[in-house]
4 protein chains.
Amino acid sequence: MTRKISISVIGGGDITTDEALIAEEVGKEIALNNATLICGGLGGVMYYAAKGAKEHGGLTIGILPGNAPDDCNDFIDVPIVTGLGHARNVIVASSGDAVIAIGGKLGTLSEISFALIQNKPVIGINTWNIDFKSKGCNGIILAKDAKDAVKKALKVISK
Amino acid sequence: MTRKISISVIGGGDITTDEALIAEEVGKEIALNNATLICGGLGGVMYYAAKGAKEHGGLTIGILPGNAPDDCNDFIDVPIVTGLGHARNVIVASSGDAVIAIGGKLGTLSEISFALIQNKPVIGINTWNIDFKSKGCNGIILAKDAKDAVKKALKVISK
Amino acid sequence: MTRKISISVIGGGDITTDEALIAEEVGKEIALNNATLICGGLGGVMYYAAKGAKEHGGLTIGILPGNAPDDCNDFIDVPIVTGLGHARNVIVASSGDAVIAIGGKLGTLSEISFALIQNKPVIGINTWNIDFKSKGCNGIILAKDAKDAVKKALKVISK
Amino acid sequence: MTRKISISVIGGGDITTDEALIAEEVGKEIALNNATLICGGLGGVMYYAAKGAKEHGGLTIGILPGNAPDDCNDFIDVPIVTGLGHARNVIVASSGDAVIAIGGKLGTLSEISFALIQNKPVIGINTWNIDFKSKGCNGIILAKDAKDAVKKALKVISK
């Protein structure tokens, strides 16, 4: 098998400076650990995570909602063109061996839901704080920072 | 225009007796108000909502995740066969003029997320209790029972 | 089971007068035979098929590529809002118990392909003339006119 | 922009020895020209194209219909997990800057249709021989062998 480990990074398109720094460091850590970064290919968390990965020699995949490959941000190696609109969130959530969520709003929440439905590990940094377990659902693994998030993602993947 | 008002009813496949009763009454109220019921076409809330609607002369549409039209429950007039798996949740959330959520777990949460992203009104009965507004997102309209939920759905649609 | 027989009608958005007449008569025959009409919900063949069905008391479902229910034509009872762009063609092809193709270009060809993959009967009127069987694939059942097409569709469904 | 050129290779899962050789050489030529190979990630043409690319240092992406990343063949670097069934064909057709079709049956025909709808160049080797232009549609560029196909794909992309 030549298949590489991949990690999906999800979060808002409209973000704070702090979230940008975290996303960039998450991308960097993913690259330094030889994993592929998968994201939604656009701005905000997607942009900074791809930037961090790309600047450290990583491979970056952007799963786009629209029809134009050039809509992807400047740090995406391979745009996947879905034309599916919001439904592309399912693919972002499903394609990583683990998912790291940074902040985020409703799109991120839909991705967290889809990842958890599929028993995919989700590591969260300052993201939706929801008591999933009281509903009998899988929950999110909390991380304190970017390094901790990628470390925890790799640990659950290797199990 | 011959287009009818339609309401999507979402919720778990594995439900309590209380949720079944609520779903059935929601379906009944939708039918009595001449609206079309849209749901995921399978069991649990989808089954009882379709039963309630069908037994009161309503029209019922089931948007199925799989490839077999006969997978739909016994109270669906028209199965829509998507073959899209979990991604069919986007279509359930998008096709109603309003969405009523009864209980539910992660699939329901993904549908609530997609509906709110699209500024679709979501009325909730004993469903996810999340502080959407603290994230700057649209929130859920709470309803106390089935009748109240359908009344509130029709009211926001008619605006 | 309350589930009704449904027939998907596919064909171009930009059509000839002759195709419009055929589409309208196909819609009429579907309605007179108590089947549900499923189509892509927009113009051309979709418009005239829905018009024919609706003017003869039929039920019409339009599976839309975009996000706005009001994009559907004036003869659609229930718009299904997918937001999936071209991928909604899979759902149109999959949701009818049989598919009737009238003329059409590449979108229609994609729908014929998807229907045949799923062993769905496809009845064609002046549509793509392709030697499917030389490839070892299922082929299209040819019909000479609208009445013949609906008759053949109902016959294969009832088998 | 770090974005690389990518080429989608499509064709049957059940193929002849000749088609396997062509697919493998197409994959090799894609890799030698520093383009990314995109395919459906499974067997037949997808397997041999990925093998050819991978054995010559290329990058390979497999867009899977199912939910399990490990369903991909042994020469895929990055499985994209869609869970969309046949609808994933739209993504395969949309994600390459050009599409090369080798033989193939109905799935391939659906992908050719989707690529041509989007004005994507399609290069064909022993694939569907359809008179698209008589329908006023874009047609396929014919290639005599693997090398010729990749050369023609790169030429139309660079325009």
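Within every chain, numbering begins at 1; the chains are lettered A, B, ... in the order of the sequence lines, protein sequences first and strands thereafter.
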Undergrad: Would you find more than 12 non-hydrogen atoms of other residues, nucleotides or ligands less than 6.0 Å from C:Asp131 atom CG?
TA: yes
Undergrad: Kindly check if the number of other-residue, nucleotide or ligand heavy atoms within 6.0 Å of CG (B:Asp14) is above 12?
TA: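 No.
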Undergrad: Let me know if B:Leu64 has heavy atoms under 4.5 Å from chain C in its side chain, its backbone, both or neither.
TA: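 Neither the backbone nor the side chain of B:Leu64 comes within 4.5 Å of chain C.
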Undergrad: Find out whether C:Ile91 and B:Leu84 are in side-chain contact, i.e. whether some heavy atom of one side chain is under 4.5 Å from a heavy atom of the other.
TA: yes
Undergrad: Do other residues, nucleotides or ligands put more than 12 heavy atoms under 6.0 Å from the CG atom of B:Asn129?
TA: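 Counting other residues, nucleotides and ligands, CG of B:Asn129 stays at 12 neighbours or fewer.
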Undergrad: What distance separates B:Ile61 CD1 from C:Leu59 CG, expressed to the nearest 0.5 Å?
TA: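 Rounded to the nearest 0.5 Å, the CD1-CG separation comes to 6.5 Å.
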Undergrad: Quick check: under 4.5 Å, non-hydrogen atoms only, which of residues 92-126 of chain C neighbour chain B?
TA: C:Ser94, C:Ser95, C:Asp97, C:Gln118
Undergrad: Can you say whether B:Lys54 sits under 4.5 Å from chain C via the side chain, the backbone, both, or neither, judging by heavy atoms?
TA: side chain
Undergrad: Report yes if some heavy atom in the side chain of B:Arg3 is under 4.5 Å from a heavy atom in the side chain of C:Asp70; otherwise report no.
TA: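 The answer is yes, as the side chains (C-beta and beyond) meet within the 4.5 Å cut-off.
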Undergrad: As a test of understanding, state which of C:Val78, C:Ile80, C:Thr36 forms a side-chain contact (heavy atoms from CB on, under 4.5 Å) with B:Val78.
TA: C:Thr36
Undergrad: Answer yes or no: are there more than 12 heavy-atom neighbours, outside C:Lys151 itself, under 6.0 Å from its atom NZ?
TA: no
